[in-house]
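A quick write-up on the structure given underneath.
In listed order, ligands and their atoms are each counted from 1.
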Amino acid sequence: MGQKKNDPRLEVRLGPLTMKNPVIAASGTFGYGEEYASLLPVGSLGGIITKGLSLGPRKGNPPPRLAETSAGMLNAIGLQNVGLEIFLREKLPFLRKVRCLVFVNIFGSAAEEYAEMARRLSEAEGISGLEVNISCPNLKAGGAIFASEAKSVHQVVAKVRRATSSFLMVKLSPNVADIVKIARAAEEGGADAVSLINTLTGMAIDVKTRTPLLGNITGGLSGPAIKPVGLRMVWEVAQAVHIPVVGLGGIMTAEDALEYLIAGASAVEVGSAHFIDPRAGLKIIEGIQNYLIAHEFPTVASLVGSLKIRRDRS
Ligand SMILES: Cc1cc2nc3c(=O)[nH]c(=O)nc-3n(C[C@H](O)[C@H](O)[C@H](O)COP(=O)(O)O)c2cc1C
């Protein structure tokens with residue numbers, strides 16, 4: 001595959017950051033980057049987002065933690081991760097050497113924990129920004145999910161904002177009634193960008209045994225099945241906020257990524273596609289470039305939000 005790197009046509013801006021192309025590896029589907037280093041030149045991506053990180057290490061949920069569904073997959077990993085200390089000591093050295101942007105995905109069980117993570121990570125070298133995963137239970141609020149209430153989204157983002165001057169991208173959950181309200185709350189709290197969507201809550205049952213396919217009973221649905229939901233949400237949010245929107249959910253091909261860009265995403269993340277083809281991101285970059293050339297778009301930015309709405313039907 002003819003990898004074309006550093007083409008100015010592919011360069012995108014995410015607020016203060018410049019990315020050499022618009023394709024980022026999504027959290028939880030690309031490990032800590034190093035796991036993929038023997039399979040592809042990971043620095044050829046626009047950016048990498050690490051597996052969700054918490055202050056202390058977490059073991060995650062009981063198995064089985066993955067299940068295939070039609071046009072997608074369910075996961076209930078339970079945010080298993082090595083914890084901040086081991087990340088800084090053992091994972092960050094590799095990421096410092098990677099020649100693309102590196103975002104650390106963080107989560108916590110209270111706003112203070114998010115803020116502490118942000119503060120500690122912004123003291124570390126080699127991190128381009130943070131992706132704040134708010135799809136987690138707020139233990140202080142009796143287990144309510146941060147992401148589902150505009151007020152708690154504002155609160156956690158504002159707290160993180162006060163703790164760091166690092167680039168902050170807030171990752172939104174689709175499991176909400178009004179995504180626009182939540183995105184605005186993140187923007188008002190001080191987010192530099194929003195990324196959406198995280199997985200949709202779902203479940204699957206083995207009818208032979210009448211047991212759930214996942215140890216956790218429910219899990220997060222990802223893959224092609226969720227692309228129409230992600231696209232619709234990105235389209236709505238991009239019109240409502242003034243910060244960049246990063247789109248994801250079911251991107252398997254360059255055409256999927258192009259749909260998100262046309263809907264208003266300034267960049268995209270590729271997730272579950274990595275489980276089918278670790279080089280999916282690279283192929284998507286090449287496909288986007290070919291499209292820009294064929295359709296005479298001078299930059300990715302000139303394509304972003306270029307959706308044409310037909311108004312000729314009465
Ligand atoms: C196995 C797996 C683990 C994931 N872990 C995380 C995580 O730690 N933090 C996070 O914000 N999102 C996590 N996600 C969600 C993905 O980053 C992404 O939002 C979602 O899968 C939708 O994109 P996709 O359809 O391209 O996979 C995970 C997804 C999968 C499939």
Revision key, fill the gap. Counting heavy atoms under 4.0 Å, the part of Leu79 that contacts ligand 1 is side chain
Practice item. Examine the proximity of ligand 1 to Asn198 and report which part, side chain or backbone, both or neither, has a heavy atom under 4.0 Å away. Key: both
Protein heavy atom at shortest distance from [atom]:
| atom | answer |
| --- | --- |
| atom 5 (N) of ligand 1 | Lys51 NZ, 3.2 Å |
| atom 3 (C) of ligand 1 | Gly28 O, 3.4 Å |
| atom 19 (O) of ligand 1 | Lys171 NZ, 2.9 Å |
| atom 11 (O) of ligand 1 | Asn105 ND2, 2.9 Å |
| atom 18 (C) of ligand 1 | Leu248 CD1, 3.5 Å |
| atom 29 (C) of ligand 1 | Asn75 ND2, 3.6 Å |
| atom 21 (O) of ligand 1 | Ser222 CB, 3.2 Å |
| atom 26 (O) of ligand 1 | Gly271 N, 3.2 Å |

Who's closest to [atom] heavy-atom-wise, of [options]?
| atom | options | result |
| --- | --- | --- |
| atom 22 (C) of ligand 1 | Val229, Asp256, Ile226 | Ile226 |
| atom 16 (C) of ligand 1 | Gly250, Ser27, Gly249 | Ser27 |
| atom 27 (O) of ligand 1 | Gly223, Ser272, Cys136 | Ser272 |

Check your understanding: Can Asp192 and Arg161 be counted as an ion pair, charged N to O under 4.0 angstrom?
Key -> yes
Check your understanding: Taking 4.0 angstrom as the limit, do Glu123 and Arg119 come out as a salt bridge?
Key -> yes
**Study point:** Working for salt bridge (Lys or Arg N to Asp or Glu O under 4.0 Å), residues Arg120 and Glu116
**Key:** CA-CA 6 Å; Arg120 301 269 307 272; Glu116 169 75 358; 3.8 Å; yes
Are any of the N/O atoms in [X] less than 3.5 Å from those in ligand 1?
| X | result |
| --- | --- |
| Thr199 | no |
| Gly52 | yes |
| Glu131 | no |

Review point. Does the side chain of Asn175 come under 3.5 Å of the side chain of Thr201 through a donor N or O and an acceptor N or O?
Key: yes
**Study point:** Test item: side-chain donor near acceptor, Ser27 and Asn133, under 3.5 Å
**Key:** no
Review point. What atoms in ligand 1 come closer than 4.0 Å to a heavy atom of Ala26?
Key: 17 (O)
Practice item. Sort out for me which residue in Val234, Leu248, Leu261 forms a side-chain contact (heavy atoms from CB on, under 4.5 Å) with Val268. Key: Leu261
Review point. Going by heavy atoms, is Asn81 under 4.0 Å from ligand 1?
Key: no
Check your understanding: Can you check whether Phe146 and Tyr114 have ring centres sitting under 6.0 Å from each other?
Key -> yes
Exercise for review: Step by step, work out the side-chain hydrogen bond (donor to acceptor under 3.5 Å, both in side chains) result for Ser222 and Thr199.
Suggested key: CA-CA 5 Å; Ser222 63; Thr199 54; over 6 Å; no
Exercise for review: Go through the steps for Glu34 and Lys91 under the test salt bridge (Lys or Arg N to Asp or Glu O under 4.0 Å), then give the verdict.
Suggested key: CA-CA 8 Å; Glu34 200 165 3; Lys91 307 296 178 186; 5.4 Å; no
Exercise for review: On the 0 to 90° scale, with breaks at 30° and 60°, tag the Tyr291-Phe297 ring pair as parallel, tilted or perpendicular.
Suggested key: parallel
Check your understanding: Are any of the side-chain heavy atoms of Val23 and Glu269 separated by less than 4.5 Å?
Key -> no
